[in-house]
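Below is one structure, written out as structure tokens; the observations come after it.
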Protein chains: 2
Amino acid sequence: MTVDHAASVIAVIARLKDKGYRITAQRQAMIAQLVESGQALSAFEIWEKLKVRYKDISLDTVYRNLHVLVDLEALTPINALGKESVRYELVDTSHHHHIVCVKCGQTQCIEYCPVDPRLMLVLQTHGYELVRHNLELFGVCRQCNPS
Amino acid sequence: MTVDHAASVIAVIARLKDKGYRITAQRQAMIAQLVESGQALSAFEIWEKLKVRYKDISLDTVYRNLHVLVDLEALTPINALGKESVRYELVDTSHHHHIVCVKCGQTQCIEYCPVDPRLMLVLQTHGYELVRHNLELFGVCRQCNPS
DNA sequence: CTCACTGCAAATGCTTTGCACTATA
DNA sequence: TATAGTGCAAAGCATTTGCAGTGAG
């Protein structure tokens, strides 16, 4: 684990401690896994990867702790682009979105976000303060495009 | 049913016929329900409303036909992140998004879309042609905001 | 008359929950 | 030591599917 990664893990652990949560082996392992893999993971994927290293971790616990981490605002849930299960991403990961091909299901990260400041104003007129957003993009990829 | 509504229903039925699908009582009832209610509905909600008028309709059929109508591009699925079930909206409904309060779960329609033309260009550089998008907004509503 | 469509019931897949045990603080 | 956290097993819930009967074309 790099120094940067270690720092990220420590930051999340500090937040747990701050809110009165206990620091368990399972929580530390989950956070480390998310930091090291550097991408959004589903509960099942996290569990699958952790089973190898630390034999004692149940999928139930992964789910429970994902909720805790979302409550702490350490993770952001990313919706199930249709079929799949929810994925979780560290909040400090650079903001981006994903596009899914409606024909083959392949996905790709898009390092661009079209949400502009006017959205916040519009939401304020509705009485809402924006916390986060999730943009789901559906398109046809080069391989599936007949043109 | 108003003249406008009837026209919308006929348009979708024409598209079904065009693609070789059969026009069944259940499909007509579902389309009419979506047109008349004028909002995104879940499979369960459609089934619940139709049960009253036409006793013979199963939830399975509602699910199957929703998939058919999405394939025809007559409906757009809207994912309400994780918790709730998927909702379906007629494609000709004016484009908008929804905001969900992360505290109380209340939702509201937002008649504004922040997606600008640059997004299409960015996607093209990735080889994708955008078909549709779904923006999920999460915030805190006036009632839940402590400030 | 044929086969797409349907209802039924059972299965699936992801996620949640009750309970008794374990381990952090 | 107290109780938050855990594993296990079972339950939930939305959605899907196999099958035999029904009805649209």
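Keep in mind that what you see is a predicted model, and the values were worked out from it rather than measured. Computation of the quantities below employed the complete heavy-atom set of this structure, encompassing side-chain atoms and omitting hydrogens, waters and symmetry-equivalent molecules. Here is how names work: the chains are called A, B, and so on, in the same order as the sequence lines, proteins then strands, and each is numbered from 1.
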Of the listed nucleotides ([options]), which one gets closest to any side-chain atom of [X]?
X	options	answer
I57(A)	dG7(D), dG7(C), dC5(C)	dG7(D)
Y63(B)	dT15(D), dT17(C), dT15(C)	dT15(D)
S58(A)	dG7(D), dT15(C), dT6(C)	dG7(D)
D60(A)	dT6(C), dT17(D), dT16(C)	dT16(C)
A43(B)	dG7(C), dG7(D), dT15(D)	dT15(D)

Contact letters for nucleotides 19-25 of chain C, in which S counts primed atoms plus P, OP1 and OP2 and B counts the base, heavy atoms under 4.0 Å: ----BBS

It should be established whether [X] places a side-chain nitrogen or oxygen under 4.0 Å from OP1 or OP2 of nucleotide [N].
X	N	value
H67(B)	dT16(D)	yes
Q26(B)	dG23(D)	no
S85(B)	dA14(D)	no

Rounding to a whole Å, what distance do you find between [X]:[atom1] and [N]:[atom2]?
X	N	atom1	atom2	answer
W47(A)	dC14(C)	CH2	P	11 Å
L16(A)	dA4(D)	CG	P	15 Å
F44(A)	dT15(C)	CZ	C1'	13 Å

Test ring-ring contact (aromatic ring centres under 6.0 Å, His included) applied to H126(B) - qualifying residues, sequence neighbours left out: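 Not a single residue meets the ring-ring contact (aromatic ring centres under 6.0 Å, His included) criterion with H126(B).
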
Y88(A) OH to L66(A) CG distance, which is reported to the nearest 0.5 Å: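 Here the rounded value is 5.5 Å.
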
If you look only at distance, which donor and acceptor atoms sit under 3.5 Å apart when one is on a side chain in residues 16-25 of chain B and the other is two or more places apart or in another chain?
{"from": "T24(B)", "atom 1": "OG1", "to": "R27(B)", "atom 2": "N", "distance (Å)": "3.2"}

L41(A), L135(A), N134(A), V86(A) screened by side-chain contact (heavy atoms from CB on, under 4.5 Å) with I78(A), the one that passes: N134(A)

Aromatic centroids of H97(B) and H133(B) separated by under 6.0 Å: yes

Exercise: identify the closest heavy-atom pair between R142(B) and T125(A):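 That closest heavy-atom pairing would be NH2-O, 4.4 Å.
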
Distance under 6.0 Å and angle within 45° of ring axis: K49(A) vs W47(A): no

